[in-house]
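Here the structure is laid out as structure tokens; the discussion comes afterwards.
In what follows, every heavy atom counts, from backbone to side chain, and hydrogens, waters and symmetry copies are set aside. Please read all numbers here as calculations on a predicted model, not as lab measurements. So that the names make sense, note that chain A is the first sequence line, chain B the second, and so on, each numbered from 1.
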Protein chains: 2
Amino acid sequence: MKKITIGAVLFSMICAGMNAQSLKSPDGKFEMNFQLKQGVPYYNLKYNGNVVVEDSKLGLRLFKDTAIKFASEVAKPEDAKNDLNNGFTKTDEKRDFKNETWQPVLGEKKNYINNYNELAVTLHQASLDRNMIVKFRLFNDGLGFRYEFPQQKNLNYFVIREEDSEIDFPTDMKAWWIVADYESQEYRYQETKISEIPGRWDQAFDNHSSQALLKNAVQSPLMLKKEGKNPLYVNVGEAAVLDYPASHLEVDAQNFKFKTHLTPDKQGSKGYIQTSAVSPWRTIIVSPKAEEVLDSKMMFNLNEPTKYTDTSYIHPTKYMGVWWEMIIGKSQWAYGQPQSNVHLDKTDFSKLTPNGKHGANNTKVKEYIDFAAENGFDGLLIEGWDIGWEDWYGHYKEYVFDFITPYPDFDIKMLNEYAHSKGIKLIMHHETSGSATNYERWADKAFQLMNKYGYDAVKTGYVGDMIPRGEHHYSQWTINHYYRIAEKANEYKIMVNSHESVRPGGESRTYPNWISAEAARGTEHEAFEGNNPDHQTILPFTRWMGGSMDYTPGIFQTKLDYYFPGDKRFVKTTLAKQLALYVVMYMPLQMAADLPENYKRHMDAFQFIKDVAADWDDTKILSAEPGDYIVTARKAKGTENWFVGGITDENKRDYTVDFSFLDKGKKYEATIYEDGKDADYINNPQSYNIYKKQITSKSKINFKMVRSGGFAISIKVKN
Amino acid sequence: MKKITIGAVLFSMICAGMNAQSLKSPDGKFEMNFQLKQGVPYYNLKYNGNVVVEDSKLGLRLFKDTAIKFASEVAKPEDAKNDLNNGFTKTDEKRDFKNETWQPVLGEKKNYINNYNELAVTLHQASLDRNMIVKFRLFNDGLGFRYEFPQQKNLNYFVIREEDSEIDFPTDMKAWWIVADYESQEYRYQETKISEIPGRWDQAFDNHSSQALLKNAVQSPLMLKKEGKNPLYVNVGEAAVLDYPASHLEVDAQNFKFKTHLTPDKQGSKGYIQTSAVSPWRTIIVSPKAEEVLDSKMMFNLNEPTKYTDTSYIHPTKYMGVWWEMIIGKSQWAYGQPQSNVHLDKTDFSKLTPNGKHGANNTKVKEYIDFAAENGFDGLLIEGWDIGWEDWYGHYKEYVFDFITPYPDFDIKMLNEYAHSKGIKLIMHHETSGSATNYERWADKAFQLMNKYGYDAVKTGYVGDMIPRGEHHYSQWTINHYYRIAEKANEYKIMVNSHESVRPGGESRTYPNWISAEAARGTEHEAFEGNNPDHQTILPFTRWMGGSMDYTPGIFQTKLDYYFPGDKRFVKTTLAKQLALYVVMYMPLQMAADLPENYKRHMDAFQFIKDVAADWDDTKILSAEPGDYIVTARKAKGTENWFVGGITDENKRDYTVDFSFLDKGKKYEATIYEDGKDADYINNPQSYNIYKKQITSKSKINFKMVRSGGFAISIKVKN
């Protein structure tokens, strides 16, 4: 809110004197102030003395009754008496701090530093004799806050009508955003000012298989930049979204203000809470440097350490897949003709007329196994192996897959044995078609089958509207489902890579076997309506802030007219940029997504994918600007070898890598993969140069990235 | 519809000539006529040449799209083009008949006769090139019809907006009805004319824990009577409600017409259908004799024979329970003080402060076991044995029970061993609190625990609003849940007795291990707001038409001031009527619901409960009038012994039992239990006479039932 009258300012100052609490970050650069104004909680945030977030309201609105005849309760008018956003007095204040180092099971660095000062304010609501705590943690990279609801006489069960946490910025800023949707994050990023969001919103989406758009709201993590002489980068997100809906950000474009909007269920409610309980953390990462935003581990730090007793089965995995050929339409998931509908408990799939294009057949899978094994991969994903794909999609069908019965041409025993004999593990695929209830019914049997045949990773999928019908992909019930599956997978020592699931908020610290997720617009969209050339320069600032994405890069045959003459679809990058993505994008589960036949034609470039690591001891963001470029260096786990990736948006760009991050005195051999001089992501994407160069920490190399191009460097220590 | 113009009649006759099909019952007394009028399907029904049902419309309305973005589809205006109720031409007609005898696993008779003529009319809708079949089965006791949706090019998946099957009666009739509710059938019956239903509706319900009332609609089975010189009894119901919502009957009180109203889900849809599929059967049982309505097995005949390969574990069971003492408030389900809320995965239940009134404790359970064993019972139900009852109800809590963890004072191993040593099986209790998703997650472990300790029967419960939130107790998803549980229980050879579940429609023929259900206002309501004295004379004509109810009779201590001085609650029958219920009400799972201490004070009367059978070779409805009285004789399974029960409503009544149903030439000893002369259900309910009498098929005995009284006879063959 920008229009403050003098009176209001005065009043605010008076209240601040009585009720204000201040919290500083360990380095003293940030200051957060909390205060009650006439019983309403507010906070603000300053960085180096400058206001980053103006006084912004806190609180939640509740339904009066928890459950009995809840449907009629929803219809009643709101009553502020029920809400946890007014009538508060401060009754307690606790301060704490932490400065710890912890090791992620898989991560971008060996050690993550968790260093914050904490303020917990207990707020008492006399009218209903209820307490709520607002907890703030101020890190050197920004602020996290959440609500805590202790178990107490008058607060045991409640249903959230809305959480109204506000973030009120003093000025307009540049924003990289996607439209809010309760079902999908698979949208193209928009780059506008906050004030321009409503004007752009209606043009900012395409149609998806499951979609519940929220007008004039955007998704988080939201990347913002205050432009001008002293630029400031701000990232707004949420962390530890557990037993709670995921949130969106309603945009007040005139006042540059955002407000939390929780994903509802079909009842219109936004969280069924049993105390003791806590909300997710609302996060505001702030830095004058874009690189520091990418470097922030705040969202992970705000999650609890894992309670898993054994994480030894969790390992970085490089994999190929019988997948891209289905995405582009060269083969099919289904075995039978899709002429009608199939009943899992009635249809004899061995008697279906084969459509002749089934991808997951014994012959082809063995070929993939051979190629993956020859090139040092760990795993091979096979989609479309199980019965039910003939009508899997878009029918609100509950019993769509059983996750245990292979198609007649997929010999699960033989193929696993064949793969194991060559050092490859098959990666299971559990597409649920959004039917979460059905998946939960079959999960034990499905994981037991995986154990039996030696699978240790599963890709789950949630394409289409959710069942229970009326739940959304990001509503509380569904989020609980994802974590139930993660926990069950842990019981069976299985790693999970989920697609069409909720975006992560650092929860992999607690659930480290959920090693990757999609939850954004991945490479597959290049075969649908396309990704923009700047797409990969934004994702690390948004989707990646809370956890790894299974982006599935590595497409060498970017133009699909190679398969289908006249086909206009193409992947909007150069080949060299595809290589760079393996470094720019942190992916412990790392796919080489293209077909073996395409890699065979570019074995020299493919060498980088074979060499690149998937787990890291260190990461240096060398240079970054959202929407423009990112250059990242990473040190491979347990080695002295480094990998560097650089990408650019739709603009060509020069960049000089300064290798001063390398160990002084050590000598390295760098293998460089760069755009060819005549490379062009539209006209000549497969033009690249590869050369070797001996380097030290004093070396510098200049790269000329073409539009939507990039470069990749593999650096091996020599002494 | 009563107002037919001449033109319409003429038009109807012309169409009938072209498109009408007639079907007669095997005995020729019924005639059903089907016809298309301008492409709209109609049927009517005649009995002995008189119109019972006038021309009544058939058909369904559909949503256009099956699933993708279904929520927005719901909001679109209706379009008749999508519907399966118009534009039809008849393209095929198939006739069939059946006259078979089959044996229910448990039943009122050894043999059920299934005898009908069938007409299946294929209707083609040219506009969308779709076919639908309407199938009629005409029995000697009435009509059943359903819709069939063959798998076909243009009809694979659809979502029902509404089924609009009509039943249009020519005249006003007396009706015994309860208010329509998507969640509960536990209402007092109303006796009014059809035309008076709307006027009574608003006074016809009390408040329940989960409730979604449907104004001016009533539940089925609905009992009707055309009064006058030639009375006709009509029962309207539905059978084989599988993968489909249960229906209610919308009342057109001016035209004496009823229309199907399916239970919606929260999306507003009323059935997600994948072809091939069939609707439930709509049933119209008709007879000039009320006794013949009670004798009808049409709803069972319309279900499929079971596919279970083993039904040997299904057996009639007489049981007692640690139950009534909780219902009346003498003890509690919960172990701990209900001061706050409990988390199943966090709370240490062994450290809760005991409330001191926990019913399911070792000492008490052993006492019940002792008494049940001494008196020849098979089983003992114990409710409140598992952790979670401190806050089980009314909070929309999902993880409310785990169904496997006993309270600290319930030694599951010791108690089962103790029970088995005395010939008693404990009966498991699975209260779900409506959280069906949670129950499905735990069902395997719960049934495995039952197998481990030797339980072979479970009472399930669904108190409160359903989870998935927004589903109703009678919506399609929830009905599928009940059958999933029945099938899973069958895997573990476990019998199911469900409470707060959907009413049965003869499905026990297919799922014979689902041996009983509540699904109506049972004895427990006597401890809440009470049942009317005529209640038990109506239930067999309504709730019981499709399957057994767990009514839990046998309350000897009917007045609760015995426990709580000044308590005004009382069971509104005499003690003798309680005995009669064991015969009048068919209950293969038969409870003696009162406390042992009360039976000990009336061991002479208790002898009838000990003696009475729970499974039968034959049943004779000697005399019945809904809302007034029922007298029933049943022949115990595998014996020549008979039992007779007679009950009356709020009016005292004389009735002379004619024993001509007994075998000629055989001699019997009858033990008679009747109201004492001074008995009165309000002032002196425990007054009864017991005497023995030698009888033959020529005997007659007159009984004087006091108001809400009754009599019971145990007849043992002597030669």
Side-chain angles (χ1 to χ4, degrees), chain A residues 65-72 151-153 155-159 183 207-212 243 265-269 272 274-276 339-343 346 391 393-399 433-434 436-437 440-441 443-444 464-465 467-472 475-477 480-481 484 488, chain B residues 65-72 151-153 155-159 183 207-212 243 265-269 272 274-276 339-343 346 391 393-399 433-434 436-437 440-441 443-444 464-465 467-472 475-477 480-481 484 488:
Chain A
D65 258 330
T66 52
I68 305 176
K69 294 170 215 98
F70 184 74
S72 59
Q151 187 165 343
Q152 57 196 284
K153 182 159 171 285
L155 196 65
N156 285 290
Y157 290 91
F158 60 92
V159 183
E183 311 288 2
N207 291 324
H208 289 171
S209 61
S210 179
Q211 198 164 39
D243 200 10
D265 73 358
K266 197 68 191 179
Q267 302 257 98
S269 60
Y272 301 83
Q274 178 184 1
T275 60
S276 295
Q339 73 272 13
S340 187
N341 70 68
V342 292
H343 294 257
K346 293 184 207 162
D391 64 347
Y393 163 76
H395 303 300
Y396 245 150
K397 182 181 180 179
E398 186 161 13
Y399 185 28
S433 190
T437 47
E440 290 194 15
R441 270 172 221 133
D444 275 298
D465 288 338
I467 301 178
R469 296 180 185 101
E471 291 291 343
H472 297 294
S475 57
Q476 182 190 27
W477 191 95
N480 287 346
H481 163 82
R484 268 195 293 274
K488 191 171 280 297
Chain B
D65 259 329
T66 52
I68 305 176
K69 293 167 217 100
F70 184 73
S72 59
Q151 188 165 344
Q152 57 196 282
K153 182 159 172 286
L155 196 65
N156 286 289
Y157 291 91
F158 60 92
V159 183
E183 311 289 2
N207 291 325
H208 289 170
S209 61
S210 178
Q211 199 164 40
D243 201 10
D265 72 359
K266 197 69 191 177
Q267 303 255 96
S269 60
Y272 301 83
Q274 178 184 0
T275 62
S276 298
Q339 74 273 15
S340 187
N341 70 67
V342 292
H343 293 258
K346 292 184 207 162
D391 63 347
Y393 163 77
H395 303 300
Y396 244 150
K397 182 181 181 178
E398 186 161 13
Y399 186 28
S433 191
T437 47
E440 290 194 15
R441 269 172 222 133
D444 275 299
D465 287 338
I467 301 178
R469 298 179 183 101
E471 291 290 343
H472 298 294
S475 56
Q476 181 189 27
W477 191 95
N480 287 345
H481 164 80
R484 268 195 294 274
K488 192 172 280 296

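Atom CG of Asn156(A) sits about 7.5 Å away from atom NE2 of His395(B), to the nearest 0.5 Å. Lys346(A) contributes atom NZ, which lies 8.5 Å from atom CD of Gln151(B) (distance to the nearest 0.5 angstrom). Rounding to the nearest 0.5 Å places CZ of Arg484(A) at 3.0 Å from CZ of Arg441(B). Interatomic distance, CD1 of Ile467(B) versus OH of Tyr272(A), reported as 8.0 Å (0.5 Å rounding). The CG atom of Asp391(A) lies 3.0 Å from the OH atom of Tyr157(B); values are rounded to the nearest 0.5 Å.
A donor-acceptor pair is defined here as one N or O able to donate and one able to accept, closer than 3.5 Å; such a pair exists between the side chain of Asn341(B) and the backbone of Thr275(A).
When heavy atoms are compared at a cutoff of 4.5 Å, Glu440(A) approaches chain B solely by way of its side chain, counted from C-beta outward. Residue contact with chain A, scored on non-hydrogen atoms closer than 4.5 Å, is absent for Glu183(B).
In terms of heavy-atom proximity, Val342(B) sits nearest to Gln274(A) at O-NE2, 2.6 Å.
In this structure, a donor-acceptor pair under 3.5 Å is present between the side chains of Gln267(A) and Tyr396(B).
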